[in-house]
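Let me begin by presenting the structure, written as structure tokens, before commenting on it.
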There are 2 protein chains.
Amino acid sequence: MSLPHALLGLLAVEPRSGYELTKAFTAELGRYAWQAGHTSIYPELGKLAERGLVEVTEEGARGSRTYSVTPAGYAELRSWMLTPRRPAKVRNEQVLRMFLISALEPEDALTLLHGIADRSAAEGAELRRVLGEAPPEIPAGADGFGYLAAEYGLRQYDAVHGWARWAIEKLEARAGAESA
Amino acid sequence: MSLPHALLGLLAVEPRSGYELTKAFTAELGRYAWQAGHTSIYPELGKLAERGLVEVTEEGARGSRTYSVTPAGYAELRSWMLTPRRPAKVRNEQVLRMFLISALEPEDALTLLHGIADRSAAEGAELRRVLGEAPPEIPAGADGFGYLAAEYGLRQYDAVHGWARWAIEKLEARAGAESA
DNA sequence: TAATTCATGTAAATCGTTACATGATTAT
DNA sequence: ATAATCATGTAACGATTTACATGAATTA
């Protein structure tokens, strides 16, 4: 259960409300790393506050509460970040599909692989476009957040794309050899 | 909830018992794609059997039961494989750490990145060694399973390694600029 | 014959998602 | 005024994990 650490990490970068945290999980964070909805975030913030790892440092309009990490919270985050437990929790529906490709008929497998190749190329290009507008160095402090993540996403798309193209070639070679 | 599809996929490649399926989840499948333990696998097999998507095709020693996919089960698998639902479920503790790196002090961030770079290099090398012993073409049928997955893992390690080295360089450049 | 591995299961507790619910503020 | 967005929450259900439990077959 890594949700509490995800929240501590986001709040360590910058204090936020539950609502703002929720938005972070619908962006890249939720897309590549960890998903969570507001119905798990709000109760978890309550638990973290009870444990003294976060605290409400500001209350705003519409009953919004801005949370910050406490020193104890930062210590907990740091410990979790630097001591990876094995095995790490992994769950990725897309990757699962890739692992199961051999279960399909070759024709279906190729259809799926072409879809993966096309999508990874398109999303990589889009991300590259967005990154092209960003500064060439990592901005200091809170602005640096997302910079490393974006580059990770980019390399991820490239890796998936390369793999899909490779797999297509291999499958087509096999099909060719069989019909020959 | 992708567990039923993971099971259908594994059984479509080759009929297995719950025990054998459990072992598959502790190997690469569980490491990169989807985790599950025997306590969720056995009940799920029961549910799939009730729905007519799998059936027991063999009973062996020690009460073991070998399951196979039915035509209906294969149809369900195929449909799930070829129509990716958005957003896909993603949960990866290691990737989460990467996303939260900016929350750490630069010194801690570098420690973490060096650890990631070292581990991805070592695991990539090990996988490369294992793959070096494999045939250069995808084996037909059940033996082809794992071949695509292994190459995916390899490219994954390379991508993570490249990213970590890039991030280390960027962070060191920033640290240098600040102290200058 | 003792330890290990094979092989399956249940129960309780925890975690996560979906559906339901409310009200304040801002933009059109 | 109306719609959209901001902002928080609870309840019920479903999924997952951890702990508990059993016994057969194999290996040392």
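The figures that follow rest on heavy atoms only: side chains count, while hydrogens, waters and symmetry mates do not. All values reported here derive from a predicted model rather than from experimental measurement. Below, chain A is the first sequence line, B the second, and so on; all start at residue 1.
The closest donor-acceptor contact from the side chain of B/His161 to the backbone of B/Ser120 lies at 3.5 Å or more, if one exists at all. Within the 3.5 Å criterion, the main-chain N or O of A/Leu53 finds a donor-acceptor partner in the side chain of A/Thr70.
In the set C/dT5, D/dT8, C/dT25, C/dT5 carries the atom at the smallest distance from any side-chain atom of B/Arg62. For B/Tyr19, the listed nucleotide lying nearest its side chain is C/dC6; candidates were D/dT17, C/dC6, D/dT8.
Across residues 33-49 of chain A, A/Thr39, A/Ser40 each have a non-hydrogen atom less than 4.0 Å from an atom of DNA chain C (numbered order).
For the pair A/Glu59 CD and C/dA24 P, the computed distance is 16 Å after rounding to whole Å. To the nearest angstrom, P of C/dC6 lies 18 Å from CZ of B/Arg65. For the pair A/Glu20 CD and D/dC6 C1', the computed distance is 10 Å after rounding to whole Å. Whole-Å rounding puts the A/Glu93 CD to C/dT17 P distance at 12 Å. The interatomic distance linking A/Arg16 (CZ) with D/dC6 (P) rounds to 15 Å, in whole Å. Whole-Å rounding puts the A/Glu58 CD to D/dT8 P distance at 12 Å.
Relative ring orientation between B/Tyr32 and B/Tyr157 is described as perpendicular, the plane-to-plane angle rising above 60° on a 0-90° scale split at 30° and 60°. Relative orientation of the A/His5 and A/Trp80 rings is parallel, given thresholds of 30° and 60° on the angle between their planes. Ring pair B/Tyr152/A/Phe99 is perpendicular by interplanar angle, where above 60° counts as perpendicular and below 30° as parallel.
Using a 4.0 Å heavy-atom cutoff across all strands shown, B/Ser17 reaches sugar-phosphate atoms only and no base atom.
Between A/Arg91 and the phosphate of D/dT17, there is a side-chain N or O to OP1/OP2 separation shorter than 4.0 Å.
No more than 12 heavy atoms of other residues, nucleotides or ligands lie within 6.0 Å of CZ in B/Arg78, so this atom counts as exposed by the packing criterion.
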